[in-house]
Amino acid sequence: MFLVVIIYPLGVKEITDKISNDEVVKRLKLVVKTYMDMDQDSEEEKQQYLALALHLASEFFLRNPNKDVRLLVACCLADIFRIYAPEAPYTSHDKLKEIFLFITRQLKGLEDTKSPQFNRYFYLLENLAWVKSYNICFELEDCNEIFIQLFKTLFSVINNSHNQKVQMHMLDLMSSIIMEGDGVTQELLDTILINLIPAHKNLNKQAYDLAKTLLKRTVQTIETCIASFFNQVLVMGKSSVSDLSEHVFDLIQELFAIDPLLLVSVMPQLEFKLKSNDGEERLAVVKLLAKLFGAKDSELATQNRPLWQCFLGRFNDIHVPVRLECVKFASHCLMNHPDLAKDLTDFLKVRSHDPEEAIRHDVIVTIINAGKKDLNLVNDQLLGFVRERMLDKRWRVRKEAMMGLAQLYKKYCLHHEAGKESALKISWIKDKLLHIYYQNSIDDKLLVEKIFAQNMVPHSLETEEKMKCLYYLYACLDTNAVKALNEMWKCQNMLRGLVRELLDLHKLPTSEANTSAMFGKLMTIAKNLPDPGKAQDFMKKFNQVLGEDEKLRLQLEQLISPTCSCKQAEQCVREITRKLTFPKQPTNPFLEMVKFLLERIAPVHIDSEAISALVKLLNKSVEGTADDDDEGVTPDTAIRAGLELLKVLSFTHPTAFHSAETYESLLQCLKMEDDKVAEAAIQIFRNTGQKIETELPQIRSTLIPILHQKAKRGTPHQAKQAVHCIHAIFHNKEVQLAQIFEPLSRSLNADVPEQLITPLVSLGHISMLAPDQFASPMKSIVANFIVKDLLMNDRSVGNKNGRLWTADDEVSPEVLAKVHAIKLLVRWLLGMKNNQSKSANSTLRLLSAMLVSEGDLTEQKKISKSDMSRLRLAAGGAIMKLAQEPCYHEIITPEQFQLCGLVINDECYQVRQIFAQKLHVALVKLLLPLEYMAVFALCAKDPVKERRAHARQCLLKNISVRREYIKQNPMAHEKLLSLLPEYVVPYMIHLLAHDPDLTKPQDLEQLRDVKECLWFMLEVLMTKNENNSHSFLRKMVENIKQTKDVQAPDDPKANEKLYIVCDVALFVIANKSTSCHLDSPKDPVLPSNFFTPPDKDFINDKEYLSPEAKLVLQTGKIQQPPKQTGVLGAVNKPLTVAVRRPYIKTTTSDTGSNASTNSQPNSPATNKSRLASETGARENEENPVITKAGSVKKEETAQPSGKKRAAPASDGTENSMSSNPSAGSQPPANKPRRGRPPKNAAGVATPDKEAGATTGGGVGRGRKRAAPAQDPDSTASADPIGVKTPKQQKEAEPKRATPQRQIDLQRSVRVAQRDQQAEVESSPEYVLWLTQLREQQVEEALDRWLRGAAGPKQRESTHSHAQNILIFF
């Protein structure tokens, strides 16, 4: 063994364990200096100090307890690796490992930058990084242990006190190991990735930045290692491979943010996880991808389309939290990636209809937030989804949608933050928001009011700015929005009136009547607040506070005073709220409810100053100096809308108009050429001018001649308003009206009908307003001129264009004069309000004659069809108007009532529409007697779906109004016979028994029509079984069967009709209700003017419905056995299949039942008969025309003998009648009828055969069938477009739901039908018929085939082949 001599540098003594640590440090510093100065080219020195290098790696130095010694030794070793590179002087692998672990431990000294030795530590790091000394370890088997220790050390020591150089050297050191090695082990990768986990990231931000930079630098090398890690965890599920397995999604998010290239191979694995069966796992992946796709600069969606599409699929995930997370992501995506909006739109559409309320709510939030940031980020479709949700069934969703759109409107339309183009894009918002006021929910109404006051016309604006905003808003609203806004002001004014009446009651002495009246007012007020149940209790408490606090009453009185200004109103609201705040509570529902009330009654927009500002704006529009064009409206539109706005406000705030300046401006409007403007101005004077005569004489002197002129020569509307204005504001109104009446009555001339209309209107209103003064002179005018000279004479010949309706401006002057003459008669009678002179009887007979004669009172055939429609409508409306006055209702006979009711089945669509609307308005205001509600039952026969739906809504509204009235008014219980909706049933039964369509009471189709009419009413009445009302209805119908028809008590046929209708009603009630057989709560009272008193000796227990009729009523199907037909006849003539009748498809808008799916006992039959005869309204100018949707061949639509067919119209686009009568195979009816769908299921008869059915002689009941418009060319060919295939029919049948209550009954019916069908199918006639049918089908196919064959040979072979098929059949 050789003794190695260690040569130390010059001046350095031997370093052994015999010397002190200080001496060791001193000598080592010299050694360090020596090695620092050496370079790789110093071969002699390298050889000379080789032994020293080996000595420095001895145990004495590597395990020395002194840290200074260890630091100096580490520096020496680092230099030794530098000098001897690339070959280290240490050959033992164990020694190398020990040395590098030793050096790594010394690097911990980098942590303290303020240490005196920090520079040496930095030198050590710099040397190692520059030389890449650790690369030597690649040769070691367990080098990974060294690298892990090194990485952990560097990540642990890095801190914010280190400069850029330290970080750079650390990166150089670590990146060289990663990039030059054979790969990165999982343990080493963990030491890097652990710094990205949020918990570690928050603890040491510098370590996170170091790891982030390292990964960026080594992305190409480390990507495969990362992919391997995620593959094992995500795909293979090996969570044990790393302690970081539970943080994979956090890591993916961080790595993607660092560099998406790190995850090139990982992203496809996420697609696999998106389809996991575990909902929570899918949720975690969706949350991750939402962040990745939504990141501001992310291009993942474009770079990885499959993953993007898979992610979008999660919008339809079955797991609610997943769908919710997707919707939340959409907001960031829309804001950061507008180009992806198109992809998101369809999925957001589906989610906007999600069954989960929270998801629908978040869809709205997503779209609105994006729209607030930039309106261009949301397209029209997305905004459309929010618009739809304003009608959501959940209040939270509706509120979010409405408030969101209101904020967008305020930002872009009111403040114009994005220019006119953006404002135009969402200009529809104002209309749609106001349309919500039509909803029944009080919460919706209150929110619309709040939105209007805060977002549409902010009450915080200065008066001039606020009124300018209102002025142009009103001019831009659509018709329905204007009506809604007017209704809003009307409701607020009504509520102010209720509070005023309540305060007036507080001024009266306490009494039982006073307390009862107060309670009624409080209940009515509570109905106009949210949650009426709680509101009642809070209003009682508020009323108690009002009684105790006089100052509070005074504040409230000032708030609702007509002279209260907007500023005073705000002050009053603050004072009242402050008084009610004590004692202070975290939540005070009582105070919130009172605030709702104060917000509704406080005049925050309109006062005298506001009206003055509006009038100034109107003047500017008149003068042409306003900014009308800049606001998007024409000056004419602005003027007209401004006057309409002032007219509406004149109803709610009349005292605010009382100023000379305002009236002077209105006088200028009276002189304008625009008729609508002048009319509105007159009405404003009428509503607000009560003090003009006493306080403004100059205005009075100017106004009177203008009103006289308008009453004599203005338009009809102006004349009406002028007469009412004179009557309302002048004390000497009798003199003023006489000055108008006398010249007008002398100038009446029937030969000049154009000049008659305004005088007739003025005279009618004068006679109504001042009956005592003008009733007598009017009687001679009525007798000698109105009836004898005008109504009973036809001076001109109408336009014979065949149309049933024309536009208002196309109506002949003579007919317009007659219509206004009828109105004059009614106004004259309404003014008198008595029938002492029997004038009312004569008038009713005249009106009835007009209905019977179809509007052609003289029957000279001079009047056109459209003019006759106008006169029928006027006559029906006149009877209905007279019925609103009790003294005239008593003398209207049942026959006259029936004639009036049948107008709702008129052949003209517009007549039916307008009459139904008038009927509804009068009924809902409780002006008409209850029996007139029975008329709506006839709407079941209306051929237009929309009309039936409208009638049903009218019924619902009327019934709810009457029930509510009975609840709110205790005195109403004494008048139940005229108020309780159930009492409409006797009138309905009587009306249907006298229906002209009921000619053969046992006819199955007619019975089915009667059932439809009964069910149309009973369905609505029987929705709820309140107070056992079902048994009450049954008892009422049973009682009717024990009476006779007052109209014809001795006529067996008339009474039989009545009893048959009763049996149909009982059948329907029994099918609908399971509790109708219980005892009735009370004995019903029947109207004596329709039914005779019950005869004790008369017991009617007969069943008038045959089993076959009951089967038809139950199923709606009429069984028709197949007809026997000769073989040759079957071959040459098309056959219809009795079992499967051809189905003719009608347009979507005109078909379908308007009844709910759970209400019709036999909906399949009802739908079948209705669809088969359905007609629709087409627009011909302003003329919806009743049309058929399709046609079939004449032979295919053969009907049973004696059945009427629908007459085809003379042209396919108009309501027209056939004018060429000819003899037909069937006898014509006495008088054709109006307004009923044709009974023919699908056929259209030829004009020759049907002309006689439309123009037969004799006097009928004033009603014709609605003639389907049909193209004459189509009568000979089937319409291929409208025919449903059997498959389509099968798909359509399940949609017609059968109520659960009929399952047992229908099962027995099916068994009977099945037995009957089996019997028919086994008969020889059926077999013969089926054979003929098949032969006919083959022959038709053969003909088509032969016609399409190319040549004679082909036709011959084809014919032979077809004959073989025929033989087979």
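FYI, the numbering just counts along the sequence from 1.
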request  = Tell me, yes or no, whether the heavy-atom count around Q896 atom CD, taken from other residues, nucleotides or ligands under 6.0 Å, exceeds 12.
outcome  = yes
query = Which heavy-atom pair separates A916 from F936 by the least distance, and what is that distance?
reply = O-CZ, 3.9 Å
query = Between F774 and F741, what is the ring plane arrangement, given parallel below 30°, perpendicular above 60°, and tilted in between?
reply = tilted
ask   = So, does S762 use its side chain to make a donor-acceptor pair with the main chain of P759 at under 3.5 Å?
value = no
key: I786 CD1 to L791 CG distance, which is reported to the nearest 0.5 Å   = 7.0 Å
ask   = Taking the six-membered ring for Trp, is the centroid-to-centroid distance between F657 and Y663 below 6.0 Å?
value = no
note = Heavy-atom nearest pair, L707 first then A722, reads O-CB, 3.6 Å
query = Would N687 and S650 count as having a side-chain donor-acceptor pair, cut-off 3.5 Å?
reply = yes
message = As a quick check of understanding, evaluate side chain to side chain contact (heavy atoms under 4.5 Å, CB included) for R872 and C908, giving each step before the final call.
response = CA-CA 10 Å; R872 291 195 304 272; C908 178; 4.3 Å; yes
inquiry  = Measuring only between side-chain heavy atoms, which start at C-beta, is T688 closer than 4.5 Å to T655?
reply    = no
remark   = d(M672 CE, D636 CG) to nearest 0.5 Å is 7.0 Å
note = Minimal heavy-atom distance between T758 and A711, with the atoms involved, is CG2-O, 3.6 Å
inquiry  = Please tell me whether S659 and T662 have a donor and an acceptor in their side chains that are separated by less than 3.5 angstrom.
reply    = yes
key: S621 (side chain) donor-acceptor with P635 (main chain) under 3.5 angstrom   = no
Derivation and outcome, side chain to side chain contact (heavy atoms under 4.5 Å, CB included), residues V648 and L485 = CA-CA 10 Å; V648 172; L485 182 55; over 6 Å; no
request  = Determine whether more than 12 heavy atoms belonging to other residues, nucleotides or ligands lie under 6.0 Å from atom NE2 of H717.
outcome  = no
inquiry  = Here's a test for you: under side-chain contact (heavy atoms from CB on, under 4.5 Å), which of K881, M768, M880 qualifies with V826?
reply    = K881
request  = Using distance alone, with no hydrogens and no angle criterion, decide if Q690 and H658 have a side-chain donor and acceptor under 3.5 Å apart.
outcome  = no
note = Rounding to 0.5 Å, atoms NZ (K733) and SG (C725) come to a distance of 12.0 Å
message = Just by distance, no angles: are the side chains of S796 and E814 close enough, under 3.5 Å, to form a donor-acceptor pair?
response = yes
message = Quick check: do L643 and L666 have side-chain heavy atoms less than 4.5 Å from each other?
response = yes
inquiry  = Ring-plane angle category for H724 and H765, please: parallel below 30°, perpendicular beyond 60°, tilted otherwise.
reply    = perpendicular
remark   = In this structure, SG of C939 is separated from CZ of R947 (nearest 0.5 Å) by 7.0 Å
inquiry  = Please tell me whether H889 and E931 have a donor and an acceptor in their side chains that are separated by less than 3.5 angstrom.
reply    = yes
message = Between N799 and S864, is there a side-chain donor-acceptor contact under 3.5 Å, judged purely by atom types and distance?
response = no
task = Mind running side chain to side chain contact (heavy atoms under 4.5 Å, CB included) on L756 and L790 for me, showing each step along the way?
result = CA-CA 10 Å; L756 265 180; L790 184 57; 4.1 Å; yes
remark   = For K710 and I682 the tightest heavy-atom approach is CG-CD1, 3.9 Å
request  = Might you confirm whether atom CD of Q698 has over 12 heavy atoms from other residues, nucleotides or ligands at distances under 6.0 Å?
outcome  = no
query = For I639 and Y471, which heavy atoms make the closest approach, and how far apart are they?
reply = N-OH, 4.2 Å
query = Any salt bridge (Lys or Arg N to Asp or Glu O under 4.0 Å) pairs touching residues 774-791, not counting sequence neighbours?
reply = D789-R795
request  = State whether the side chain of Q721 and the backbone N or O of A680 hold a donor-acceptor pair below 3.5 Å, judged by distance alone.
outcome  = no
Step-by-step side chain to side chain contact (heavy atoms under 4.5 Å, CB included) determination, Y888 to L844 = CA-CA 9 Å; Y888 300 133; L844 287 168; 5.6 Å; no
remark   = So CG of L871 and CG of L857: to nearest 0.5 Å the spacing works out to 8.5 Å
query = Any donor-acceptor pair under 3.5 Å linking the side chain of S612 with the backbone of S608?
reply = no
request  = For N486 and Y474, run side-chain hydrogen bond (donor to acceptor under 3.5 Å, both in side chains): C-alpha distance rounded to whole Å, both residues' side-chain angles, the deciding distance at 0.1 Å, then the answer.
outcome  = CA-CA 10 Å; N486 295 345; Y474 201 85; 2.9 Å; yes
note = The residue among D794, D867, D856 that forms salt bridge (Lys or Arg N to Asp or Glu O under 4.0 Å) with K818 is D794
task = Decide yes or no for K823 and H820: does some side-chain heavy atom of the first lie under 4.5 Å from some side-chain heavy atom of the second?
result = yes
key: Main-chain N/O of H731 paired to E693 side chain as donor or acceptor, under 3.5 Å   = yes
message = Using the rule given for side-chain hydrogen bond (donor to acceptor under 3.5 Å, both in side chains), can you reason through S665 versus N619, listing the C-alpha separation, both sets of side-chain angles and the distance that settles it, and then say yes or no?
response = CA-CA 7 Å; S665 298; N619 290 337; 2.9 Å; yes
request  = Using the test salt bridge (Lys or Arg N to Asp or Glu O under 4.0 Å), find all partners of K647 that sit at least two apart in sequence or belong to another chain.
outcome  = E644
inquiry  = More than 12 heavy atoms of other residues, nucleotides or ligands under 6.0 Å from NZ of K918: yes or no?
reply    = no
key: Closest contact, heavy atoms only, L829 versus S839   = CD2-CB, 4.0 Å
